[in-house]
Amino acid sequence: MVMKRRALVTGGAGYIGSHTVVELVHAGFEVVVVDNLCNSSREAVYRVEDITKTSIPFYEADVRDQEVLDEIFETYHIDSVIHFAGLKAVGESVENPLRYYRSNLDSTMTLLERMAAYDVKTLVFSSSATVYGDPQHLPITENAPLSATNPYGRTKLMIEQMLEDTVRSGGDWNITSLRYFNPIGAHKSGRIGEDPHDIPNNLLPYIAQVAVGLRERLHVYGSDYETPDGTGVRDYIHVVDLAKAHVAALKRAPHPGEYKVYNLGTSHGTSVLEMLKAFEKACGRSLPYKIVGRRPGDIATCYADPTLAHLELGWKAVHDIAEACADAWRWQSRNPEGYATSEPMHADVEILAANA
Ligand code: NAD
Ligand code: WQD
């Protein structure tokens, strides 16, 4: 009999975590989720259970809670961990840096200590393209110089360093940091997606909320960058492609004693105005916007060289921007209030969208 592999997913109720749990179950993994729901809803995991027709053990707890981690490792035979849990709002990290250092660093240290105690040595970590700061060369390869421009980014850099030191210390650790570029889109079912608790910081959820009538217009942060249309250029990657990369990272034959880093992007740059046009096509109407000043800390252009992930993980992004916008719109239009929207309500949403 083939033993199923079981992964612990921290932050599995969140945007990327919930999509990854779906792909893990489809790939034959059993999954346990721990999430303190500080930026997500229990409903996301219920919907994942429904999509996958699988029961998923869920612990509402902070990853810094050592007793809960011990209970999980004692109850389930876990052989790998994917660590999504973390605070991620750049602006908030500038206002309250200690909260970010305390939460993101402590949770990773507690997790590593408990993994070591239970001899679980395979970890995949959510890093970010933010660790490249303002890149000197494009597309960005994994060996580009690292720097961070805000406390959030510095927590990612520090954690990557912590992970590399842990592997170097011996003990057969097998750790992978995945540096995500700009995740967008939603699951095809329209039942899970990105559900910001406050005003969205990121471009795509903001556009989606304009499209559904929750916000008046998009503010385009700057049209005087050195880019083809003057607006910022980013590498937007479909969240389901991203989710599948985590499965690929876990499936890669274990290489004990190895610390690996991969860019997860598409290699294509898309401007703010191009993204707006793509979303207009997806939702079938034009969307109001206003050009305003640059957002402090923003860079002009950022896109990945994802070749290494293709060569070593056999992974490559396959969904394009049009598909990601169509999927994001399906999620947003069916769930205008995110997970607070009760299902099913497709007819009501069509009316709401038409009146917006
Ligand atoms: P998210 O906020 O939707 O998911 C993070 C989840 O972790 C949430 O469900 C939250 O409740 C939970 N959480 C936070 N701190 C916790 C703690 N101490 N204990 C337990 N649960 C905790 O964010 P996301 O977009 O899904 O991002 C997932 C990871 O990917 C984060 O680490 C983020 O920094 C990283 N990342 C995200 C992006 C992006 O643009 N979305 C880009 C690069 C990297
Ligand atoms: C994309 C483009 C904006 C909102 C951030 C974090 C990064 C990573 C991903 C976690 C830029 C423009 C945006 C709006 C706009 N997160 N924009 N109006 O800045 O590339 O990266 O999210 O790791 O760390 O910094 O993504 O979606 O915020 O912005 O014009 O209302 O859209 O100026 O050019 P960004 P974003």
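When reading the values below, keep in mind they use all heavy atoms of this one structure, side chains included, and skip hydrogens, waters and symmetry mates. Here the structure is a predicted model, which means the values were calculated and not measured. Note that ligands are numbered from 1 as they come in the structure, with each ligand's atoms numbered from 1 the same way.
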Check ligand 1 against S126 and write out every atom of the ligand that is under 4.0 Å from a heavy-atom position of the residue. 29 (C), 30 (O), 32 (O), 35 (C)

If hydrogens are left out, which of Y180, Y152, F181 has an atom nearest to atom 33 (C) of ligand 1, that is, the closest non-hydrogen atom? Y152

Can you list the ligand 1 atoms lying under 4.0 Å from a non-hydrogen atom of F84? 28 (C), 29 (C), 31 (C), 32 (O)

If you scan protein heavy atoms around atom 2 (O) of ligand 1, the nearest is N39 ND2, 2.7 Å

What atoms in ligand 1 come closer than 4.0 Å to a heavy atom of G11? 6 (C), 7 (O)

If hydrophobic residues (ILVMFWY) are linked whenever their side-chain heavy atoms come closer than 4.5 Å, directly or via other members, who joins Y152 in its cluster? L87, V90, Y100

Heteroatom distance test (G14, ligand 1): nitrogen or oxygen, under 3.5 angstrom: yes

Other cluster members, I140 - Ile/Leu/Val/Met/Phe/Trp/Tyr, side-chain contacts below 4.5 Å: V131, Y132, L138, L146, L157, F181, Y303

Going by distance only, is there an N or O of Y15 that falls short of 3.5 Å from an N or O of ligand 1? yes

Is K277 salt-bridged to E280, going by a charged N under 4.0 Å from an acidic O? yes

N/O of C38 under 3.5 Å from N/O of ligand 1, yes or no? yes

Please check if any side-chain donor atom of Y262 sits under 3.5 Å from a side-chain acceptor atom of E142, or the reverse. no

Residue among H238, H19, H268 satisfying ring-ring contact (aromatic ring centres under 6.0 Å, His included) with H319: H238

Show the atoms of ligand 1 that are less than 4.0 angstrom away from any heavy atom in L37. 11 (O)

Proximal candidate to atom 5 (C) of ligand 1 [heavy atom criterion; set A44, G17, G86, G12]: G86

Under a 4.0 angstrom heavy-atom cut-off, which atoms of ligand 1 come close to S103? 18 (N)

Short N/O distance, under 3.5 Å, between N202 and ligand 1? no

A student comparing I16, D35, L178 should find that the heavy atom closest to atom 9 (O) of ligand 1 comes from D35

Show the short N or O contacts, below 3.5 Å, that ligand 2 makes with protein N or O atoms; if there are none, say 'none'.
{"unit_1": "ligand 2", "atom_1": "18 (N)", "unit_2": "H219", "atom_2": "O", "d": "2.7"}
{"unit_1": "ligand 2", "atom_1": "19 (O)", "unit_2": "R295", "atom_2": "NH2", "d": "2.9"}
{"unit_1": "ligand 2", "atom_1": "20 (O)", "unit_2": "N182", "atom_2": "ND2", "d": "3.0"}
{"unit_1": "ligand 2", "atom_1": "20 (O)", "unit_2": "R234", "atom_2": "NE", "d": "2.5"}
{"unit_1": "ligand 2", "atom_1": "22 (O)", "unit_2": "N202", "atom_2": "ND2", "d": "2.9"}
{"unit_1": "ligand 2", "atom_1": "23 (O)", "unit_2": "S128", "atom_2": "OG", "d": "2.8"}
{"unit_1": "ligand 2", "atom_1": "23 (O)", "unit_2": "Y152", "atom_2": "OH", "d": "2.5"}
{"unit_1": "ligand 2", "atom_1": "26 (O)", "unit_2": "N182", "atom_2": "ND2", "d": "3.1"}
{"unit_1": "ligand 2", "atom_1": "27 (O)", "unit_2": "N202", "atom_2": "ND2", "d": "3.2"}
{"unit_1": "ligand 2", "atom_1": "27 (O)", "unit_2": "L203", "atom_2": "N", "d": "2.8"}
{"unit_1": "ligand 2", "atom_1": "28 (O)", "unit_2": "N201", "atom_2": "O", "d": "3.4"}
{"unit_1": "ligand 2", "atom_1": "28 (O)", "unit_2": "N202", "atom_2": "ND2", "d": "3.1"}
{"unit_1": "ligand 2", "atom_1": "28 (O)", "unit_2": "R295", "atom_2": "NH1", "d": "3.4"}
{"unit_1": "ligand 2", "atom_1": "28 (O)", "unit_2": "R295", "atom_2": "NH2", "d": "2.8"}
{"unit_1": "ligand 2", "atom_1": "29 (O)", "unit_2": "R295", "atom_2": "NH2", "d": "3.4"}
{"unit_1": "ligand 2", "atom_1": "30 (O)", "unit_2": "H219", "atom_2": "O", "d": "3.4"}
{"unit_1": "ligand 2", "atom_1": "30 (O)", "unit_2": "Y221", "atom_2": "N", "d": "2.9"}
{"unit_1": "ligand 2", "atom_1": "33 (O)", "unit_2": "D298", "atom_2": "OD2", "d": "2.5"}

Check: H246 ring centre within less than 6.0 Å of F84 ring centre: yes

Any residue meeting salt bridge (Lys or Arg N to Asp or Glu O under 4.0 Å) with R102, in chain and number order, not counting sequence neighbours: D106

Less than 4.5 Å apart, side chain to side chain, heavy atoms only: is that true for M109 and M162? yes

Does A61 have a heavy atom less than 4.0 Å from any atom of ligand 1? yes

Selection from V63, L87, I82 by shortest heavy-atom distance to atom 19 (N) of ligand 1: V63

Whether Q209 side chain and L214 backbone form a donor-acceptor pair below 3.5 Å: no

Cation over ring, R114 on F73, under 6.0 Å and within 45°? no

Does any N/O atom on P183 come nearer than 3.5 Å to any N/O atom on ligand 1? no

For S127, the ligand 1 atoms whose distance to one of its heavy atoms is below 4.0 Å: 43 (C), 44 (C)

What is the ring orientation for Y76 with Y59, classed by angle as parallel under 30°, tilted 30 to 60°, or perpendicular over 60°? perpendicular

Taking the six-membered ring for Trp, are Y339 and W331 parallel (under 30°), tilted (30 to 60°) or perpendicular (over 60°)? tilted

Hey, is K156 one of the residues with a heavy atom under 4.0 angstrom from ligand 1? yes

